[in-house]
Amino acid sequence: MSERIVNFSAGPAAIPEAVLLEAQKDLFNYKGSGLSIMEMSHRSKAYDAVHQAAISNLTQLLNIPDNYSVLFLQGGASHQFAMLPMNLIQNNESVDMIHTGSWTKKAIGELKKGYNYQIVASNEDENHLKLPDLDNVQFNENTAYTFMCSNNTIFGTQFKTFPSHAKSPLVVDMSSEILSRELNINDFGVIFAGAQKNIGPSGVTVVIIRNDLLERSPESIPVYFNYQNHAKANSLYNTPPTFGIYMASLVFQYLLDHGGLAAQEKRNNDKAERLYGAIDSSDLFYCPVPENDRSPMNVVFRHKDHNEAIEADFIAVAKAAGFDGLKGHRSVGGLRASTYNAQTIENIERFSQFISAYKPATVSA
Ligand SMILES: *Cc1c(COP(=O)(O)O)cnc(C)c1O
């Protein structure tokens, strides 16, 4: 295949083509240094400029205040599920958990290893398809933090707002939506995200943490697991994922050059409106998530009778037409189009038309 396809993969996911081409240009000989960025010492001057640019571009994009630190770690978002309680919990404090699906379940799994927690809201009864109303949640005193996942990659849900009455700093897994919309960073204690959905290649985990929380890290935990240690070393305690950070810095620059997050949020809403519109007006498919809870990043849909043969046919015909990565997560089945930042409005428009025109090969009587 010589043409690139439209990549709807949930992650690792599409990266802006302009960024891939720029990286390709610099891959062999980075800006006349005689080396690839991948071959360079993480203590070199050239790499240091990349590292600083990544931090300052992200700070500019999200308008991150001075009292927060930006960390580039490894181990994915999954590693954060363990690192957060190790660092933030003091004196047997509890954690308030908002449980909305597989990712929060994994975070709860780490808390079960000897920490106190309470599930203050859950949508397990709704099969995670409808989000819990957070306005009337009773949060608990003496909690170290309040944990939630803002965008559920598997079920296709997204919280449009964040609770303002939690009793402890909000810690939010934003892996599948970071940089998709404007945020007020002051509303959060910690934001974290694996890079492979909306930032760049896998291998980098972005953590944005309020500096007073760094004081909580106990010295007894392993050095690599200690946020304070990474903050003091500016994410250069040991060898960071240099190539991933380089790619992230290019993506951040790309977003800044295209109007920042206000403009990106508008493009994402435009894309979501077109795609959900095509699904809602289809005779064959429907979206199981109520309108207010729908994610603009992961669009989940199904055949109206959950006919798996028709869903498989749709995936195959779509693939032949150049649209790939449409299979729902293995835990839920169905169909899913991930429409992260790198997905263009033109591609979404073409795919929306494809949905409207699609006729299954084998029409069940
Ligand atoms: C993909 C994903 C994860 C897991 O990320 P890893 O980097 O593979 O550990 C966690 N949370 C959310 C919301 C995700 O989308």
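Source: prediction; values computed, not measured. Whatever order the structure lists them in is the order used to number ligands and atoms, beginning at 1.
- For the atom pair F188 CZ and I209 CD1, the distance stands at 14.5 Å (nearest 0.5 Å).
- For residues 194-232, the set of pairs meeting the ring pair (Phe, Tyr, Trp, His ring centres under 6.0 Å) definition, not counting sequence neighbours, comprises H79-F225, Y224-H230.
- No side-chain donor-acceptor contact under 3.5 Å links N7 and D324.
- Within 4.0 Å of ligand 1, the residues that place a heavy atom are G76, A77, S78, F81, W103, C149, N151, T153, D173, S175, S176, Q196, K197, listed by chain and number.
- Note: K167 NZ to N142 CG = 10.0 Å, rounded to the nearest 0.5 Å.
- Contact check for E93 versus R216: side-chain heavy atoms found under the 4.5 Å cut-off.
- L236 places a side-chain heavy atom less than 4.5 Å from the side chain of H51.
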